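Written out below as structure tokens is the structure these notes cover.
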Amino acid sequence: MKLINAIIALAALPAAAAFAPSTPAALSTRTFSASPVALDAKKSIGDLADDELKGKKVLVRCDVNVPLDGKKITDDTRIRSSIPTIEYLKSKG
């Protein structure tokens, strides 16, 4: 049985070598060049000018998953914290 396993292992070597790196250099750390695209700083709602918001449709993503006790909300902090953003956007038209 050991001989059969050894033969199978030896027969699989050429096929496995096709997926292995050809030289140890391929295993070395690769360096990547810097991205040609500069990333802008993260903006908040207050950073948008009035003309950027006036008459526009705005998609706001809010995490409003709240803990429940049966059908009763036990902590509505997430819902209440999204209200100022929505009111601000409404006031900007």
Side-chain angles (χ1 to χ4, degrees):
M1 193 61 146
K2 290 182 183 180
L3 180 61
I4 293 173
N5 288 341
I7 292 171
I8 292 172
L10 287 175
L13 280 179
F19 298 104
S22 59
T23 62
L27 296 174
S28 66
T29 305
R30 293 186 176 133
T31 58
F32 296 98
S33 62
S35 174
V37 178
L39 299 176
D40 293 333
K42 188 175 179 180
K43 285 188 174 183
S44 69
I45 295 293
D47 294 333
L48 298 173
D50 290 345
D51 61 330
E52 291 179 294
L53 294 172
K54 188 72 177 168
K56 303 273 177 80
K57 293 181 181 179
V58 178
L59 176 67
V60 178
R61 182 184 181 276
C62 298
D63 182 7
V64 292
N65 292 328
V66 293
L68 300 173
D69 183 18
K71 290 188 175 184
K72 182 175 172 144
I73 296 174
T74 59
D75 183 13
D76 63 352
T77 305
R78 290 181 178 185
I79 296 170
R80 290 183 186 274
S81 66
S82 63
I83 292 173
T85 300
I86 295 167
E87 292 295 329
Y88 177 82
L89 290 170
K90 280 177 47 179
S91 71
K92 297 298 179 179

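We're numbering straight along the sequence, starting at 1. Computed from a predicted model, the values in this text were never measured in an experiment.
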Sorted by chain and residue number, the side-chain hydrogen bond (donor to acceptor under 3.5 Å, both in side chains) partners of Asp63 (sequence neighbours excluded) come out as Asn65, Arg78
Here the gap from Lys54 atom NZ to Leu48 atom CG, rounded to the nearest 0.5 Å, amounts to 15.0 Å
In short, Ile79 meets Ser82 closest at the heavy-atom pair O-OG, 2.8 Å
Thr77 meets the side-chain hydrogen bond (donor to acceptor under 3.5 Å, both in side chains) criterion, sequence neighbours left out, with Asp75
Exercise. Report the C-alpha distance between Val60 and Cys62 in whole Å, list the side-chain angles of each, state the deciding distance to 0.1 Å, and finish with yes or no for side chain to side chain contact (heavy atoms under 4.5 Å, CB included).
Key: CA-CA 6 Å; Val60 178; Cys62 298; 3.6 Å; yes
Tightest non-hydrogen contact, residues Glu52 and Ala49, listed as OE1-N, 2.7 Å
Residue set satisfying side-chain contact (heavy atoms from CB on, under 4.5 Å) with Ala41, at least two apart, ordered chain then number -> none
Please tabulate, for side-chain N and O atoms in residues 85-93, each donor-acceptor pair with protein atoms closer than 3.5 Å (sequence neighbours left out).
| residue | atom | partner | partner atom | Å |
| --- | --- | --- | --- | --- |
| Ser91 | OG | Tyr88 | O | 2.7 |
| Lys92 | NZ | Asp50 | OD1 | 3.0 |

* Verify the cluster assignment for Leu68 and Val64: are they in a single hydrophobic cluster under the rule of side-chain heavy atoms below 4.5 Å apart? => yes
Grouping ILVMFWY residues whenever side-chain heavy atoms fall under 4.5 Å, the cluster of Leu59 otherwise contains none
Residues at least two apart in sequence or cross-chain that pass side-chain hydrogen bond (donor to acceptor under 3.5 Å, both in side chains) with Arg61, listed by chain then number, are none
Quick note, salt bridge (charged side-chain N to carboxylate O under 4.0 Å, His left out) partners involving residues 65-74, not counting sequence neighbours, are none
Practice problem: Taking Thr74 for its side chain and Pro67 for its backbone only, find out whether a donor-acceptor pair lies under 3.5 Å. | Solution: yes
